Asker: 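Let me begin by handing over the structure; questions about it come next.
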Amino acid sequence: MPRGPGKYAVFGTYWESGHAAIHGLNPYATYPETGRVDYSLYGGDTATPDVNLNPPVLLPYFQFLAHLTIRRFIVLQIVISALWFAAGTLLIGPGLQGRQVICLLASVPVIGAISSGQIYGLLFFLSALAWYLHQKGWLVWCAACIGLLVAIKPTFLLWPVILFFAGHRKPALLSVTASALFSAAPLLLYGPGVYRDWLAALAHDPHWIDRQNVALVPFFTRLGHTTIGVTAAAVIAAALLAYAWKYRPDFDTASGIGIAAGILCAPLGWYAYVLILAPFFVARRWNWFDTLAASIFFVPLSLGESANGIAYLLPLLLILSHFLRIRPA
């Protein structure tokens, strides 16, 4: 591993955040092993601190693992992440096509999430579990999974909103309630100051610069057209809400549309967020068009980031069109 501050990248960020929580410090501040990101190619600083920006609901998890040494933390985080992906894939079931299994276990977002220490494996598992529980008719537990995912990534609030407009009102309302409860729990553990610290960190978030951020607002902001990005995001969100209201798609389709909207129309939407979409995307067998859309996620990250990140924005739009083509029986 390279020497110097932040040599453990995201692993160091999460370990330091958990370590700060253990000692009653600000878990959203910069510490010696907090990861650093080189944004010089994008016009930013060469060593921008990559502080933890996950909401306080995840702090107990980081705090628990931070009792380990940082090297043991890294090993365990990699193992846990791989297990999340394996468990989620098993939940989705034996009816998967071989190409779907390969995408769920070996695409660039999956390998990147496991190797970098990101928590996308957990998000994938929660999405897969929500799909599975809905299939079983266990709506309360399904809503709890959606609620926890939204508490972890609030930009996906559009998921239950789309569900509500599509007529799936019970899981939508229950998931919003669950999200509020999960989000309130850190107040009991850390006090209200933890949310002030988190919001202060968000206020200085430079991630719009990164080409892995494929949401429409940062995509157009990098081109110097923030207003176009905001307008496009608002128009697309409104159009998808209108679509859900008019056509009343089934739960799987509405979920796919809502998750895609949560990536495209948010201030932050990493290319790897497609993993949250994956359980609903593979719920139906793929045709050649779907396979083409998924295959782009095997493009190496260095190429995917080229041309302002269009190589990863395009398949997301193709996958959204997959859900929009589905009509109620």
Side-chain angles (χ1 to χ4, degrees), residues 92 123 126-128 130-140 142-147 149-150 153-180 214-217 219-220 227-269 273-294 313-329:
I92 299 170
L123 302 180
L126 287 173
S127 182
W131 174 88
Y132 174 82
L133 292 170
H134 187 269
Q135 295 291 311
K136 294 294 184 181
W138 298 336
L139 296 187
V140 173
C142 167
C145 290
I146 297 173
L149 192 151
V150 172
K153 295 295 179 185
T155 52
F156 287 97
L157 182 61
L158 271 172
W159 181 2
V161 172
I162 291 282
L163 287 176
F164 184 87
F165 272 66
H168 307 283
R169 297 188 175 178
K170 183 176 180 179
L173 293 173
L174 286 174
S175 62
V176 171
T177 302
S179 180
V214 297
L216 293 171
V217 174
F219 178 83
F220 281 99
T227 302
I228 294 177
V230 172
T231 303
V235 169
I236 289 176
L240 293 177
L241 288 170
Y243 178 95
W245 182 264
K246 179 178 180 179
Y247 291 106
R248 302 299 173 99
D250 61 41
F251 178 85
D252 286 0
T253 305
S255 292
I257 294 170
I259 296 168
I263 303 172
L264 285 171
C265 304
L268 181 68
Y273 282 178
V274 73
L275 296 169
I276 304 171
L277 189 58
F280 297 94
F281 183 42
V282 302
R284 295 177 175 88
R285 296 180 68 81
W286 287 349
N287 57 25
W288 68 268
F289 183 87
D290 304 321
T291 303
L292 173 64
L313 176 59
L314 176 61
L316 178 60
L317 295 173
L318 295 177
I319 293 171
L320 174 60
S321 73
H322 160 90
F323 291 104
L324 294 176
R325 294 195 311 271
I326 299 170
R327 290 288 187 271

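The shown structure was predicted, so the numbers you read here are calculated from the model rather than taken from an experiment.
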Asker: Considering all heavy atoms of both residues, which atom of I162 and which atom of A244 are nearest to each other, and what is their separation?
Answerer: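 Where I162 meets A244 most closely, the heavy atoms are O-CB, 3.9 Å.
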Asker: State, yes or no, whether a side-chain contact exists between L324 and L240 at a heavy-atom distance under 4.5 Å.
Answerer: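 The answer is yes, as the side chains (C-beta and beyond) meet within the 4.5 Å cut-off.
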Asker: Rounded to the nearest 0.5 Å, how far apart are CD1 of I236 and CG of L241?
Answerer: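 Between I236 CD1 and L241 CG, I get 12.0 Å after rounding to 0.5 Å.
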Asker: Would you indicate whether the side-chain heavy atoms of L149 and W159 approach each other to under 4.5 Å?
Answerer: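 Counting from C-beta outward, W159 and L149 do come under 4.5 Å.
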Asker: Any idea which heavy atoms bring W245 and R169 closest together, and the distance?
Answerer: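 Heavy atoms only, the tightest pair is CZ3-NH2, 3.6 Å.
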Asker: List for me each residue that meets side chain to side chain contact (heavy atoms under 4.5 Å, CB included) alongside T177, sequence neighbours excluded, and say none if there are none.
Answerer: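 Counting only residues at least two positions away or on another chain, T177 forms a side chain to side chain contact (heavy atoms under 4.5 Å, CB included) with L181.
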Asker: Grab the two heavy atoms, one from I259 and one from F156, that are nearest each other, plus how far apart they are.
Answerer: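 Smallest interatomic distance, heavy atoms only, reads O-CE2, 3.4 Å.
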Asker: Who passes side chain to side chain contact (heavy atoms under 4.5 Å, CB included) against A293, sequence neighbours left out?
Answerer: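 In terms of side chain to side chain contact (heavy atoms under 4.5 Å, CB included), with neighbours along the sequence ignored, A293 is linked to L318, I319.
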Asker: Where is the tightest heavy-atom contact between C265 and A233, given as atom of each residue plus distance?
Answerer: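 Heavy-atom minimum between the residues: SG-O, 3.4 Å.
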Asker: Do V214 and F219 have side-chain heavy atoms sitting under 4.5 Å apart?
Answerer: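 Contact flag for V214/F219 side chains = no.
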Asker: Supply the atom-to-atom distance L316 CG to S321 OG, rounded to the nearest 0.5 angstrom.
Answerer: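 OG of S321 is found 10.0 Å from CG of L316.
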Asker: Please report the closest heavy-atom contact between H168 and A254, naming both atoms and the distance.
Answerer: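 Nearest heavy atoms, H168 then A254: CD2-CB, 4.2 Å.
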Asker: Does R284 have any side chain to side chain contact (heavy atoms under 4.5 Å, CB included) partners at least two apart in sequence or in another chain, and if so, which?
Answerer: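 R284: side chain to side chain contact (heavy atoms under 4.5 Å, CB included) contacts with D250, D252, T253, I326.
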Asker: Quick one: OG on S127 to CG on L275, what's the gap to the nearest 0.5 Å?
Answerer: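 Rounded to the nearest 0.5 Å, the OG-CG separation comes to 9.5 Å.
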Asker: A side-chain contact here means heavy atoms from C-beta on lying under 4.5 Å apart; do L264 and L313 qualify?
Answerer: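 Yes - at least one pair of side-chain heavy atoms lies under 4.5 Å apart.
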Asker: If I take atom OH from residue Y273 and atom CG from residue L268, how far apart are they, to the nearest 0.5 angstrom?
Answerer: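 Interatomic distance, Y273 OH to L268 CG, rounded to 0.5 Å: 4.5 Å.
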Asker: Of all the heavy-atom pairs spanning F289 and R325, show the shortest one and how long it is.
Answerer: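 So the minimum-distance heavy-atom pair works out to CE2-NH1, 3.2 Å.
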Asker: Is the side chain of W286 donor-acceptor paired with the backbone N or O of F281 at a distance under 3.5 Å, no angle test?
Answerer: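 Checking the backbone N and O of F281 against the side chain of W286, a donor-acceptor pair under 3.5 Å is found.
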Asker: Is the ring centre of F323 less than 6.0 Å from the ring centre of F280?
Answerer: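 Centroid distance F323-F280: not below 6.0 Å, so no.
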Asker: Only counting residues at least two apart or in another chain, list the ones meeting side-chain hydrogen bond (donor to acceptor under 3.5 Å, both in side chains) with T291.
Answerer: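 Only R99 meet the side-chain hydrogen bond (donor to acceptor under 3.5 Å, both in side chains) criterion with T291.
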Asker: Once side-chain hydrogen bond (donor to acceptor under 3.5 Å, both in side chains) is applied, do any residues pair with H322, and if so which ones, sequence neighbours excluded?
Answerer: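 With sequence neighbours excluded, H322 shows a side-chain hydrogen bond (donor to acceptor under 3.5 Å, both in side chains) to D290, given in chain and number order.
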Asker: With rounding to the nearest 0.5 Å, note down the distance linking SG in C142 to NZ in K136.
Answerer: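 Those atoms lie 13.5 Å apart.
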Asker: Would you compute the distance between atom CD1 of I276 and atom CD1 of I263 and round it to the nearest 0.5 angstrom?
Answerer: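 Reported to 0.5 Å precision, the distance equals 6.5 Å.
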Asker: Listed by chain and number, what are the side chain to side chain contact (heavy atoms under 4.5 Å, CB included) partners of S175, not counting sequence neighbours?
Answerer: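 Residues passing side chain to side chain contact (heavy atoms under 4.5 Å, CB included) with S175: A143, I146, P160.
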Asker: Report the relative orientation of the aromatic rings in W138 and Y132; use parallel for angles under 30°, tilted for 30 to 60°, perpendicular for over 60°.
Answerer: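 It falls in the perpendicular class, over 60°.
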